[in-house]
Amino acid sequence: MNIAPATAIRIRRLLLLLPVLVLVALIASWFWFGPENTQAKLPDVTLQTIDGQPYSLAPQKKKVRLVELIYTRCPDICPTTTVKMVQLQKRLLEANLMGQDVEFLTITIDPQNDTPDVMRYYAKQLGIQEQGWTLLRGDDETIKSVTNSLGFFANKMDDGFISHTSSTYLVDDSNAVIQKFGMGDDFDPEQIYQELLKLKKEG
């Protein structure tokens with residue numbers, strides 16, 4: 001006779017405790033997987049330029065790098081980001097910061113389809129200037145090491161499109177990610193330009 005009411009009381013107590021349990025789990029995960037344990041970094045691996053030359057992602061002293069991970073068949077967010085980076089590149093060239101203090105890296109997450117010729121055409125169509133901007137490819141395993149190290153998710157769908165994280169990464173001279181920015185409409189060239197000027201002044 002008292003089974004149903006007792007069960008109802010236990011359920012009510014569990015529901016009351018549930019937010020507390022969730023909060024505890026979140027705090028525990030923050031301590032376990034917090035910034036010190038999940039510091040995103042650009043891995044020290046070697047990729048290839050579109051001219052077939054090896055390119056090391058080893059840290060570069062006194063230089064910051066803005067990294068975008070794209071695929072050329074992307075219908076919207078990738079080319080939009082690249083176009084905005086082209087706008088940013090022009091301003092950095094005018095300020096004599098491009099290449100010497102700042103470098104852009106465009107890394108394909110679809111190396112099987114993004115051949116050197118395809119990436120070269122992509123760069124030409126979107127107006128990328130060579131100074132201070134390098135387009136890179138690699139085998140699937142090496143590209144995966146890059147995405148994993150940056151915390152960038154990419155999953156190829158059955159239709160050939162790739163579902164991926166919408167982040168670009170500002171990397172310091174020790175390869176650590178110091179700031180993440182959005183992609184597409186969330187990529188703000190002015191914001192990033194001011195951030196780069198600030199870093200330049202701080203030395």
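Counting begins at 1 with the first residue of the sequence.
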Flag if over 12 foreign heavy atoms under 6.0 Å of [atom1], [X]:
| X | atom1 | answer |
| --- | --- | --- |
| Gln87 | CD | yes |
| Gln112 | CD | no |
| Asp44 | CG | yes |

> Can a donor-acceptor pair be found between the side chains of Gln191 and Glu195 at a distance below 3.5 Å?
Replying inline: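 Looking only at side-chain atoms, Glu195 and Gln191 do not form any donor-acceptor pair under 3.5 Å.
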
> In terms of side-chain heavy atoms, does Thr82 have a donor or acceptor partner in Tyr122 at a distance below 3.5 Å?
Replying inline: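 Distance-only check passes for Thr82 and Tyr122.
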
Using side-chain heavy atoms (C-beta onward) and a distance below 4.5 Å, is [X] in contact with [Y]?
| X | Y | answer |
| --- | --- | --- |
| Cys74 | Ile162 | no |
| Leu199 | Leu170 | yes |
| Leu196 | Leu66 | no |
| Ile70 | Thr81 | no |
| Leu92 | Phe104 | yes |
| Gln129 | Trp133 | no |
| Thr165 | Leu69 | no |
| Gln60 | Asp173 | no |

> Same cluster for Phe181 and Leu42 if Ile/Leu/Val/Met/Phe/Trp/Tyr side chains link at under 4.5 Å?
Replying inline: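 Per the 4.5 Å side-chain linkage, Phe181 and Leu42 are not co-clustered.
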
>> Assigning hydrophobic clusters by single linkage (Ile, Leu, Val, Met, Phe, Trp, Tyr; side-chain heavy-atom cutoff under 4.5 Å), is Phe187 placed with Leu135?
In response: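 As far as the 4.5 Å side-chain criterion goes, Leu135 and Phe187 are connected within one cluster.
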
>> Going by side-chain contact (heavy atoms from CB on, under 4.5 Å), Cys78 matches just one of Glu68, Met183, Arg73. Which one?
In response: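 Option passing the side-chain contact (heavy atoms from CB on, under 4.5 Å) with Cys78: Met183.
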
> Considering the options Thr72, Asn113, Asp110, Ile50, which one meets the side-chain contact (heavy atoms from CB on, under 4.5 Å) requirement together with Val118?
Replying inline: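 Of all the options given, the one that passes is Thr72.
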
How many angstroms lie between [atom1] in [X] and [atom2] in [Y], if you round to the nearest 0.5 Å?
| X | Y | atom1 | atom2 | value |
| --- | --- | --- | --- | --- |
| Leu105 | Met85 | CG | CE | 8.0 Å |
| Phe152 | Ser166 | CZ | OG | 8.0 Å |
| Asp172 | Arg65 | CG | CZ | 9.5 Å |
| Asn148 | Glu141 | CG | CD | 10.5 Å |
| Thr49 | Arg120 | OG1 | CZ | 8.5 Å |
| Asp114 | Ile143 | CG | CD1 | 10.0 Å |

> Does Ser145 reach the main-chain N or O of Thr142 with its side chain, forming a donor-acceptor pair under 3.5 Å?
Replying inline: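 Yes, the answer is positive, given that a donor and an acceptor are paired below the 3.5 Å cut-off.
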
> Are any side-chain N or O atoms of Lys63 and backbone N or O atoms of Gly99, one a donor and one an acceptor, separated by less than 3.5 Å?
Replying inline: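 Checking the backbone N and O of Gly99 against the side chain of Lys63, a donor-acceptor pair under 3.5 Å is found.
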
> Would you call the rings of His164 and Tyr71 parallel, tilted or perpendicular if under 30° counts as parallel and over 60° as perpendicular?
Replying inline: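 It falls in the perpendicular class, over 60°.
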
